[in-house]
Amino acid sequence: MKVTNAEFVISAVGPDQYPGDALPEIALAGRSNVGKSSLINRMIARKNLARTSSTPGKTQHLNYYRINDQLYFVDLPGYGYAKVSKTQRQVWGQMIEKYLLERDALKLILLVIDLRHPPTKDDEMMYDWLKHYDLPVCVVGTKADKIPKSRWQKHIKIIKDSLVLRARDQFVMFSSEEGIGKDELWSHISRHILQQEEQVQQDSPE
């Protein structure tokens, strides 16, 4: 996809603040500091639209970015950051769970994982939770540029095996620095949205 227009819309804390234009939404989930904001910026060819931070746990809302007036990226609060209070984590968890289970516009979840390391227990729990509810997932392994090409397949296998990745769930290797995987990820997102729209049309009564 060629991005000609991208804008930050809102930091939402509940359904009454979610956009009402029914555009498809692509959510990004992952542990704090895994590179979700950098991924968004690379995908939309903008350096600083999604604010990156060296402080994990900074994203505390659902940050909406509208792309080409065709879809939204929705950056979810990062999980697994110990310095965030237990109470705050519970609030985030309830907000995220409600969004993921009840948002009709949600079409795909990008589960963002650091390719350099095996998935954390939080990564595994998130993937299992998403699959328990049969939600559509694409796993994105970030920071590929930090690993020699000769070791890419080894690291990909570790992630797939640790998550017990289902055959129908796509895996995309990605680098925000070099743009590796950008076109592949856009193709998957576009194809997935189109397939869902076609399914809705098929299921609709004549």
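Everything quoted here is computed from the prediction, not taken from an experiment.
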Asker: Are any of the side-chain heavy atoms of Leu100 and Leu130 separated by less than 4.5 Å?
Answerer: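 Side chain of Leu100 against side chain of Leu130, heavy atoms only: contact under 4.5 Å found.
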Asker: Got a donor-acceptor contact below 3.5 angstrom from the Lys157 side chain to the Asp161 backbone?
Answerer: no
Asker: For the residue pair Leu39 and Val140, what are the closest heavy atoms and their distance?
Answerer: CD1-CG1, 3.7 Å
Asker: Is the backbone N or O of Asp122 less than 3.5 Å from a side-chain atom of Arg31, with the two atoms forming a donor-acceptor pair by type?
Answerer: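 Such a contact is absent between Arg31 side chain and Asp122 backbone.
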Asker: Starting from the C-alpha separation in whole Å, work towards a yes-or-no answer on side chain to side chain contact (heavy atoms under 4.5 Å, CB included) for Ile113 and Tyr127.
Answerer: CA-CA 11 Å; Ile113 294 176; Tyr127 183 70; over 6 Å; no
Asker: Kindly determine whether Leu185 and Leu110 satisfy side chain to side chain contact (heavy atoms under 4.5 Å, CB included), including the steps that lead there.
Answerer: CA-CA 10 Å; Leu185 187 53; Leu110 305 182; 4.1 Å; yes
Asker: Going only through I, L, V, M, F, W and Y residues with side-chain contacts under 4.5 Å, is there a path from Val164 to Leu111?
Answerer: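 Cluster IDs for Val164 and Leu111 differ.
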Asker: Could you give the distance from CE (Met43) to OG (Ser176), rounded to the nearest 0.5 Å?
Answerer: 10.0 Å
Asker: Are the charged groups of Asp75 and Lys36 less than 4.0 angstrom apart, N to O?
Answerer: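 Yes.
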Asker: Would a hydrophobic clustering, with Ile, Leu, Val, Met, Phe, Trp and Tyr connected at side-chain separations under 4.5 Å, put Val112 with Ile158?
Answerer: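 In one cluster with Val112: Ile158, no.
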Asker: Is there a path of hydrophobic side-chain contacts, each under 4.5 Å between heavy atoms of I/L/V/M/F/W/Y residues, joining Ile189 to Leu194?
Answerer: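 Leu194 does not cluster with Ile189.
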Asker: Working to the nearest 0.5 Å, report the span between CG of Asn5 and CG of Asn68.
Answerer: 6.5 Å
Asker: Contact between Asp114 and Asp123 at the side-chain level, heavy atoms closer than 4.5 Å - yes or no?
Answerer: no
Asker: Can you tell if the side chain of Lys98 reaches within under 4.5 Å of the side chain of Gln94, non-hydrogen atoms only?
Answerer: no
Asker: Please find out if less than 6.0 Å separates the ring center of Tyr64 from that of Phe73.
Answerer: no
Asker: Does a side-chain heavy-atom distance below 4.5 Å link Val9 with Tyr72?
Answerer: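 Touching, per the 4.5 Å side-chain cut-off.
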Asker: Do you know which two heavy atoms are closest between Val172 and Gln170, and how far apart they sit?
Answerer: CG2-CG, 3.9 Å
Asker: For residues Met95 and Tyr18, report the shortest heavy-atom separation together with the two atoms involved.
Answerer: O-OH, 4.4 Å
Asker: Are Met125 and Leu28 connected, step by step, through hydrophobic side chains (Ile, Leu, Val, Met, Phe, Trp, Tyr) whose heavy atoms are closer than 4.5 Å?
Answerer: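 As far as the 4.5 Å side-chain criterion goes, Leu28 and Met125 are not connected within one cluster.
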Asker: Ion pair present between Asp134 and Arg168, side-chain N to carboxylate O less than 4.0 angstrom?
Answerer: yes
Asker: First locate atom NE2 of His188, then atom SG of Cys138, and finally report the distance between them rounded to the nearest 0.5 Å.
Answerer: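 Nearest 0.5 Å value for the NE2-SG distance: 4.0 Å.
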Asker: Between Leu49 and Ile40, is any pair of side-chain heavy atoms under 4.5 Å apart?
Answerer: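 When only atoms from C-beta onward are counted, Ile40 and Leu49 do not touch, as no gap falls below 4.5 Å.
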Asker: Out of curiosity, Ile67 CD1 to Thr4 OG1, how far, rounded to the nearest 0.5 Å?
Answerer: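 Reported to 0.5 Å precision, the distance equals 10.0 Å.
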Asker: Determine whether the aromatic ring centres of residues Trp152 and Phe174 are separated by less than 6.0 angstrom.
Answerer: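 Ring-ring flag for Phe174/Trp152: false, centres at least 6.0 Å apart.
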Asker: Hey, what do you get for CD (Glu124) to CD1 (Ile159), rounding to the nearest 0.5 Å?
Answerer: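 The distance works out to 11.0 Å.
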Asker: Search all heavy atoms of Pro24 against all heavy atoms of Gln70 and return the closest pair with its distance.
Answerer: CD-O, 3.2 Å
Asker: Below 4.5 Å, heavy atoms only, C-beta onward: do Leu71 and Met1 meet side chain to side chain?
Answerer: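 Counting from C-beta outward, Leu71 and Met1 do come under 4.5 Å.
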Asker: For the NE2 atom of His155 and the CZ atom of Arg116, what is their distance to the nearest 0.5 Å?
Answerer: 10.0 Å
Asker: Using a distance-only test with no angle check, is there a side-chain donor-acceptor pair under 3.5 angstrom linking Ser38 and Asn41?
Answerer: no
Asker: Would you mind checking if Glu25 and Lys107 are paired as a salt bridge, meaning a charged N to carboxylate O distance below 4.0 Å?
Answerer: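 No.
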Asker: Could you tell me whether the side chain of Tyr65 reaches within less than 4.5 Å of the side chain of Glu7, counting heavy atoms only?
Answerer: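 Heavy-atom side-chain distance check fails, nothing below 4.5 Å.
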Asker: Checking Ser11 against Asn63: is there a side-chain donor and acceptor pair closer than 3.5 Å?
Answerer: yes
Asker: Determine the minimum heavy-atom distance between Leu163 and Pro119, stating which atoms define it.
Answerer: CD2-CB, 4.0 Å
Asker: Hey, does Leu115 have a side-chain heavy atom less than 4.5 Å from the side chain of Thr142?
Answerer: no
Asker: Using a strict threshold of under 4.0 Å (side-chain N to carboxylate O), is an ion pair present between Asp21 and Arg66?
Answerer: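 A salt bridge links Arg66 with Asp21.
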Asker: Considering all heavy atoms of both residues, which atom of Tyr99 and which atom of Ala27 are nearest to each other, and what is their separation?
Answerer: CE2-CB, 4.0 Å
